[in-house]
Amino acid sequence: MTANDLPPILSLRQIRKVYGSLEVLHGIDLDVRAGEVVALLGENGAGKSTLSKIISGAVQPTAGSMSWFGAPYAPATPRAAMDAGVGMIHQELKLLPQLSIAENVFVGRYLTRGGRIDRQAMEERAHAGLQRLGLDVSPRRLVEGLSTAKQQLIEIAKALTLNARLLILDEPTAALGGEETQLLFRQIERLKADGVGIIYISHRLEEIRQIADRIVVMRDGAKVQEFGRGDVPVRTIVEAMVGRSLDRMFPPVPVPSDDIMLEVRGLSSPSGTFSNIDFTVKRGEVFGIAGLVGAGRTELVRAITGADPIATGDVVLDGAVITPRSPSDAIRNGIVLVPEDRKLQGLVLEHSITENIGYANFDAVSKAGWITSKRLSQFANDYIKKFGVKGRGEQNAGELSGGNQQKVVLAKWLARNPRVVVLDEPTRGIDVGARSSIYDTIMELARQGIAVIVVSSDLEEVLGVSNRIMVMAQGKQAGILDREDANDVSVMELATI
Amino acid sequence: EEVKKIGLAVSNLQADYFNQIKIGVEAYAKEKGIEVITVDAKNDSATQVSQVQDLLTQDIDAFIYIPAGAAAAAVPTRLAKEAGIPVVNVDRNAEGAPGDTFIATDNATSAYEVCKHIIGLAGGQGKMIMIHGQKGTTPEVERTKGCMKAIEENSGVELVAQQWSEQWSQAEGLNIGQNLLQAHPDVSLIFAQADGLALGAAQAVKVSGVSQRVYVGGFDGDTTALPILAEGGFDATATQQVRGIGRLAVDSAIKLAAGETLPAEQLLPGFLTTPENAAKFVAEHP
Amino acid sequence: MSISATDQERGAGASAMAALRGTTGPLIGLILLCIFLSFATDKFMSARNLLNILDQVTVLGIMAVGMTMVILIGGIDLAVGSVLALTMMVMGYLANQVGLPLPVGILLALGVAAATGAVSGILITALGVPAFIATLAMMSVARGLANMITDGQQIVGFPSWFSLLAYTRYGGFLTLTVAVMLVVFVLGWLYLRYTSGGRSLYAIGGNQEVARLAGINVNLYTIGVYVVSGLLAGLAGVVLAMRLDSVQPTAGVSYELDTIAAVVIGGTSLSGGKGGILGTIIGVLIIGVLRNGLNLLGVSPFTQAVVIGVVIALAVAAEAIKRK
Amino acid sequence: MSISATDQERGAGASAMAALRGTTGPLIGLILLCIFLSFATDKFMSARNLLNILDQVTVLGIMAVGMTMVILIGGIDLAVGSVLALTMMVMGYLANQVGLPLPVGILLALGVAAATGAVSGILITALGVPAFIATLAMMSVARGLANMITDGQQIVGFPSWFSLLAYTRYGGFLTLTVAVMLVVFVLGWLYLRYTSGGRSLYAIGGNQEVARLAGINVNLYTIGVYVVSGLLAGLAGVVLAMRLDSVQPTAGVSYELDTIAAVVIGGTSLSGGKGGILGTIIGVLIIGVLRNGLNLLGVSPFTQAVVIGVVIALAVAAEAIKRK
Ligand SMILES: Nc1ncnc2c1ncn2[C@@H]1O[C@H](COP(=O)(O)OP(=O)(O)OP(=O)(O)O)[C@@H](O)[C@H]1O
Ligand SMILES: Nc1ncnc2c1ncn2[C@@H]1O[C@H](COP(=O)(O)OP(=O)(O)OP(=O)(O)O)[C@@H](O)[C@H]1O
Ligand SMILES: [Mg+2]
Ligand SMILES: [Mg+2]
């Protein structure tokens, strides 16, 4: 008997959602059966997260009905959904940095014994859950200061310990490397075997073939196609998602010039997260940085762009030592960072898209320090259009889908006409269509003679866009590979020494 | 001119003394068929200036002014006079801009009598502490002056410590009293410049477990403090004629409006009150 | 299990450490202050004076526990001083003017105190009024009501056992009021550290949305916390009435700033999610010791204000610098 | 371009709308209040009374502009009331006791006011003391210093032109003090709305880290904002001295709460990043009109407190509900 013959545990009928005057879901039908993984795919802003939030009680639908094990189901709060057995990992949800890992895993459903909190039980179970995902940290450590990837693993551990009958994973691997992803998949297989239904959302289409039993594709708030199996060719999925065929993902990489634009000499961080880094980036070159999670890539590029302090070493731009001491130092020299965490570092979520783009571009928008709203919104609108952001300038950045938020961050920084662009995980959570347009943008930057540094945990991505790749392992520079010599095997070899 | 509407600007209704004056003014004016509009500056001069502007907007016929803040602001008086309205200052008078008449208790003399009385009870000698009111305010300065005179007249009395309260409140009297008694367990005299402070100080004496008799003097003759005084809760106070001040203020306003001239200062004595004669003031507050 | 010994250690006290972590600066400040005072005046280190300090901080201490919870969830309660006065007046009115037995009056007055908290909480959660404004409004309303009860007059004449509770040292040591404060401390500490409700407050303060998505009833806890804060302000009012043996509508003016200061000096973060009762106790003691010591030294009130400001800034700066 | 006309329009006013968006509730509240008062008392709508109201809000209005900036970056300034008093006393001391010309005294006193802001700002940025504590400490220190200058006494005897500036209505309309307030309003509004510095404050309040990574010098702006707040508190002190024709160390007690209330009633968010001067002006006027109106109606002071609390809560709740 295959899963398809079982009655669904969850059924959605004609679910609609309206925000303000905008309908973002136009009557969605969806069934999930016990023990199957339904992949929910679609471009940024298609409505995947909104649909998931409706199922998990975080958002109320405007119209439509749901049933759960045959009974009507309308969770008014996340608690109601959890009590019914529906769990969800929210896209880029923040953890509570001031609390321990164990408390984060069990937040809202603390284990108690005799009325008092059972810390030990929570710690043991959190630790066990984390170990299954390959993360060996003390559950008593505070979350503050953990890398994004580790935080994501904790988020996953939180969901895995829920004992849910239906689990929704909204882009769980966006911040993960290949190895962690495989560990996650092993856990998903285990849950499937236990009869848990799973809705899996991702923009990494290679994963889908491996994990999905069925595929549902959404576009602009409507369900456009459904595949009864998981091993559908990527090309077919992409066509369904974007409504046209996408001939290639990676544009050809331009040939860099010979003169060196940026040089990093013996750079070390005060906390030791990286040490003795030496490399050069040429004008028009795309320089990739690869490595396992926690290898120190983020810290390195933050230091180069003045966001973090530097203990020793120099940053040299066009032959002049400019070792930045603050982001404004770096920016003045034309070095910009598109940070890894767009919600915490890239955008003011409660402010409009226009204002967010403005924040890095006051000198371009203002005349002698004066700014008018008109000039600002014209400036922003140009970039909103250029980057294909789905949203209006006066809309709050927080209302955008994750992918569109990333486009705003890119727009904000590239509007400055920088000389060196550092992109930390530039396509995290970005759909295939948009991703290829970001790759186009990167190549365009290189062609203009800008030095581009791309940090990515997505191996295919670093391989696809870089002229050269530096591999980092445990804060050390493990080696630099030319494009011809770089492939999965050679990079991973260096990354794991 | 006949007075139909009086504006009363009170410094701070949270202080019993001023509240009593207000009650005195309102009750007496009612007898006379005069309307009173009362505003409370909560001890802030700026608020009071605004309130006086508002009173003048309402076409008052006379103005009773109890200045707020540590010292009297001149502006309210000036504003009223510009509007041609007679001003009766109560409790404090502004430097440079006195009211048409000024009514107050003779703070220095009354404080002198209270201190002389308790020093007498202690046999003309002993260590003394003083709990002041809000530092720098007119009554604080005057009462200190009066009591110091009594201390100077008795060479056996030594002022060993003094501390200032900020709100003349009982809670402060208690805490300050406790702390000073801690530092000087051998005192036999306390002068607290308000009854609230005195009640707090008496409480502090009660609980500090000192063996000697400590004589506590207060000031004001608050309606709530007098019954306690009558029962020997503390030893002496100066009962201010709050109702009397209120009546006198209204009468003065009527007379000024009618064109009479009044003396620049009308000082009312405070009555030295002890457990023996307190009952009289409880029955009918002057 | 692979948890190492050091981890174990760190962990066992994970939140004890977390609680203390933010408070070592203030704790050192408190100790330095005590050392300085015991050299500066021989009266300071006597048992009797230390007991006096405890007496003097009861009101502040009780209110600070409620305020700690409020601030932990990222809120603020400016109404505590006024609610204290309102509770006192309601109690005095019911007992001495209506003629109910005093204990009944106390209970009813505490009910009023809790109700003020409920109103603030509902304004905040149901109507979306910022906590600062909701409690500022309640501060004004409660003060007005407290004054209206007797037209601004105080009420005296409580039974003699009432005031004695604040002064009789049972076992030569504890007054009832201090005992009440200690009980409130212990209950607050247990609640925040060992119950899922207490932990939920940390989650709410850390990030409301995360807490809500984790199934915590944020609104209910928020209202609950303001009710507790109101109730404890009321209890502080009863304790103050015992200490003063009278009730007055002017009591508690500007206590809200003192209380918030004590909580924040103790390391609880005004942005929520961080802190605890232990720190608050230290904060309360710093303020209490400072006031007592300056009085013992006979420092003039004007100079006191300067010294208090400087010490508070230093105590908190020490902590902040240490953390860097 | 694909942007429609409406979009253009909406866009052009993006932040104008944003500024007003948060204030329509309070604005409606203010209008309702005025309508009610003009029916309840015929004195209210007279030109003279409206001018009086303007006079009465000058001090609050000037301080509220600085406070708006402080709150916009997510900070708070509790010291304004004390700094106001300190500035007055320094001015009075220099002019009437040292004997400097009054204008020189004013300038030096304003320098002191700015310096207090700088100290708070440095405590906050360099030492990491939370703004609440840093400015609370400054509040205590400044009050103490203000009192120490004359040992708590007021200073009088300013030249007669000084006080006249607050009462002579030039053009039958504007006193100098009101003019000063209006200028401060306009400058504050222009700065926040039309300069990159002003916009940067919004970015800092929205998210410090985002602002820092965008190349904004967060520390410098933070210190700058507290300096401006201190300076404006000082200016308010000078204006108050004109109104009172005297200076006293007790001036400005608890003004910080009034000022913060005006700013928050006007829709500026205490968590930073949202709000503006227009809202603040409405907030200031609500407070001013309310106090004036209640006085005109002859409402008893105790009842006034209750009414003020209720109106404030309603004005803000209306806005919050509307936004839902
Ligand atoms: N709170 C909100 N207010 C207004 N519009 C919203 C809100 N939340 C989401 N939207 C809009 O709803 C649409 C669907 O968003 P959703 O987050 O569901 O997309 P998604 O498919 O998850 O995209 P992504 O892949 O980028 O995460 C988007 O156009 C988004 O702008
Ligand atoms: N703010 C911080 N405080 C303390 N430690 C940190 C902080 N940020 C990162 N780290 C630690 O520094 C190490 C390097 O992290 P970094 O984020 O630079 O790695 P990365 O290679 O970019 O990996 P990732 O893919 O997670 O971004 C990690 O072990 C991380 O836990
Ligand atoms: Mg999404
Ligand atoms: Mg990284």
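Letters A, B, ... are given to chains in the order of the sequence lines, protein chains preceding strands, and every chain is numbered from 1.
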Contact part of A/Ile384 toward chain D, heavy-atom cut-off under 4.5 Å: side chain, backbone, both or neither? neither
Please classify the contact between A/Lys343 and chain D as side chain, backbone, both or neither, with a heavy-atom cut-off of under 4.5 Å. backbone
Which is it for A/Asp363 and A/Arg416 under the salt bridge (charged side-chain N to carboxylate O under 4.0 Å, His left out) test, yes or no, and what are the steps along the way? CA-CA 9 Å; A/Asp363 32 2; A/Arg416 288 196 62 90; 3.2 Å; yes
Just by distance, with hydrogens left out, do A/Ser401 and A/Asn44 show a side-chain donor and acceptor under 3.5 Å apart? no
Pair count under 4.5 Å, heavy atoms only, with chain A: among D/Gly273, D/Ser196, D/Gly215, highest is D/Ser196
So, the part of A/Leu349 with a heavy atom under 4.5 Å from chain D: the answer is neither
Ranking A/Ala307, A/Ala360, A/Gly306 by heavy-atom pairs under 4.5 Å to chain D gives rank one to A/Ala307
Among A/Gly369, A/Ser328, A/Ser366, which residue forms the greatest number of heavy-atom pairs with chain D at distances under 4.5 Å? A/Gly369
Mark yes or no for whether A/Ser352, through its side chain, and A/Asn396, through its backbone, hold a donor-acceptor pair below 3.5 Å. no
Taking D/Val210, D/Thr195, D/Asn207 one by one, which has the highest count of heavy-atom pairs under 4.5 Å against chain A? D/Val210
Checking A/Gln406 side chain against A/Pro426 main chain: does a donor-acceptor pair fall under 3.5 Å? yes
Flag, side chain of A/Thr441 to backbone of A/Ser437, donor-acceptor distance under 3.5 Å: yes
Say you draw a straight line from CD1 of D/Ile265 to CG of D/Leu285; how long is it, rounded to the nearest 0.5 Å? 11.0 Å
Selection from D/Ala203, D/Gly206, D/Gly197 maximising heavy-atom pairs under 4.5 Å formed with chain A: D/Ala203
